[in-house]
Amino acid sequence: MKTMEKLAVIPGEHNLKNYEETAANHDWQHSEKAFSWFETGKVNIAYEAIDRHATTHRKNKVALYYNDGNRKETYSFFDMKRHSNKAANVLKERAELKKGDRVFIFMPRTPELYFSLIGALKIGAIVGPLFEAFMEGAVYDRLMDSEATVIITTPALLSRVPLEKLPHLKTVFVVGENIEETDKILDFNKYFAEASQDFDIEWVDKEDGSILHYTSGSTGAPKGVLQVHYAMVQQYQTAQWVLDLKEDDIYWCTADPGWVTGTAYGIFGPWLNGVTNVVVGGRFSPQAWYGAIEEYGVTVWYSAPTAFRMLMGAGPNIIGKYNLSTLRHVLSVGEPLNPEVVKWGLEILNHRIHDTWWMTETGGHMICNYPSMEIKPGSMGKPVPGIYATIVDDQGNEVPPYTMGNLAIKKGWPAMMRQIWGNPERYESYFLKGEWYVSGDSAFMDEEGYFWFQGRVDDVIMTAGERVGPFEVESKLLEHPDVVEAGVIGKPDPVRGEIIKAFISLREGVEPSEVLEANIRDFVKIGLSAHSAPREIEFRDKLPKTRSGKIMRRVLKAWELDLPAGDLSTMEE
Ligand code: 6R9
């Protein structure tokens, strides 16, 4: 994997021209100058994302192309301003939503989600976006923990909002038709239709809360990660450097706003730059996805390895039916970008796929591949200019190149989380020596400063004295022609400390057998190393994954050891 050839720089005019020079000189205060508050002192991320453009040459420029196969709509920046003003008025007048209050948005991707998210921010409220597949328990945990007073949802999801169990929840807006109102349940569309198009934005402090994403760790309840308005500085700047967004781009981020990618780069990154954003609702299908690229002429596409693998699985014939020639920049996030996917990108999609590493807690890009930089397939790239990333040992000392350790970031970048909601001790526990944010991922750096992901720290396997990153084994397994998904864990073993166990789902039509098992084991032995080959293989129809596509190794481990699996609210159905 590490020996795969470097991919050459893409010729052309890139926003980030000279990585080394920019990295050596960048100061975030320089990026602040892009914003009106740099002079006026009046801060609000919603203003910078939408309203600012509505009084410029971008007034009638398309802000949002929406398509779910059913509804197909187009909104300009001016439309977005008016509709988010209306939403803000509804929330303020009908639910008395105020600055600092928590409001959740629990609905599938529709234009109303975007109007109300921007509208709530205009009030200065803190928005918790919830993925539509959450069940009642997950909704309850998040609203209870944050003492939310308002939720916006749809008729189909209303039954999962346990109104009577949530003492702080005062108002439930339902977006749909023929809504039966009660003293707490209100018909959103009815009030939206009546609401004024004008709204006086609530100016906030740069450090006031904006978005609250809940993430689940390996143990305990989901944690509320609070972002602040100031995150805009980094989201704006990285959308230029990493997404390489320019005025005429048509940009599509496939993530749902229930996950951080769907807010930071599905909303703020493009709109802070006044760039046209595509939102595709509805279910995934290769036809709908390739069709969206062709129909809207998408130029910059941000997705995830799971999605790319699903497209790969659909075969090269389908892709050939679509005109994808507008694409110029393709990016990936969320899990390791397997070399298999890189190869598909080069051979079938005809693009380098640019890996980006970051997390909910970082609020924005951290380590990335840039179009103006050579890519080493399998590496996450280099730190964003202005970010200092390194590898530290468990005591917080930096370690030399090629030493595996904790991937850590020097504290204090613009989009950094500012609180774990209601849990200051937990927040402090992320920072080692008060200086390093410790990500929980293990990685190493090579002599050229490229970072290589190894796994979650708690997932690293120690077998017969060798440290094995499960991701490397999983990547190799995925190259086997019969393997569709693979999850690898360390299973306690009296002799070796741990042995490697692989859970595998096979391509349709392929039956498990001992011969196949031996064949797969040899495949890893030959392709990777003897000590990385799984001693045990178990075939399963499906593997437990989060909705953002991460294999949940802790669930595999729980299956294996007969332990409770912990919080499953983010697991796909
Ligand atoms: C943005 C997002 C964060 C965790 C992170 C890491 C994994 C993200 C990755 C990656 C390998 C990449 N992860 N990007 N692993 N290569 N390029 O995904 O946020 O949902 O909070 O997940 O995802 O383990 O720590 P989040």
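Counting starts at 1 for both ligands and their atoms, in listed order. Computation of the quantities below employed the complete heavy-atom set of this structure, encompassing side-chain atoms and omitting hydrogens, waters and symmetry-equivalent molecules.
When the options F453, W259, F471 are ranked by their closest heavy atom to atom 15 (N) of ligand 1, first place goes to F453.
For the residue pair Q237/S31, the side-chain donor-acceptor check at 3.5 Å is satisfied. At a cut-off of 3.5 Å, with distance as the only test, no side-chain donor of W436 or N406 sits close to an acceptor on the other residue. One side chain, Y302 or T356, offers a donor N or O that lies under 3.5 Å from an acceptor on the other.
Note on ligand 1: G334 sits in its first shell, one or more heavy atoms being nearer than 4.0 Å.
Here's the thing with T356: one of its N/O atoms is less than 3.5 angstrom from an N/O atom of ligand 1. Checked by distance only, ligand 1 and D355 come closer than 3.5 Å through their nitrogen or oxygen atoms. At under 3.5 Å, a nitrogen or oxygen of T360, whether backbone or side chain, sits near a nitrogen or oxygen of ligand 1.
Closest heavy-atom contact between I387 and M366: CD1-CE, 3.6 Å.
For ligand 1 and V260, the ligand atoms under 4.0 Å from any heavy atom of the residue are 1 (C), 19 (O). Near P336, meaning under 4.0 Å from any of its heavy atoms, are these atoms of ligand 1: 11 (C), 15 (N), 16 (N). Atom numbering of ligand 1 starts at 1 in the shown order; those under 4.0 Å from a heavy atom of T261 are 1 (C).
Among protein heavy atoms, atom 12 (C) of ligand 1 sits closest to E335 O, 3.5 Å. Shortest contact from atom 18 (O) of ligand 1 to any protein heavy atom: K550 NZ, 3.3 Å. For atom 2 (C) of ligand 1, the nearest non-hydrogen atom of the protein is W358 O, 3.7 Å.
With D459 as the partner, the side-chain contact (heavy atoms from CB on, under 4.5 Å) test is satisfied by one option alone out of R553, R554, K557: R553.
Cation-pi geometry between R418 and Y230 is not met at under 6.0 angstrom from the ring centre and within 45 degrees of the axis. In this structure, R328 forms no cation-pi arrangement with W301, as its terminal cationic atom is not both closer than 6.0 Å to the ring centre and no more than 45° off the ring axis.
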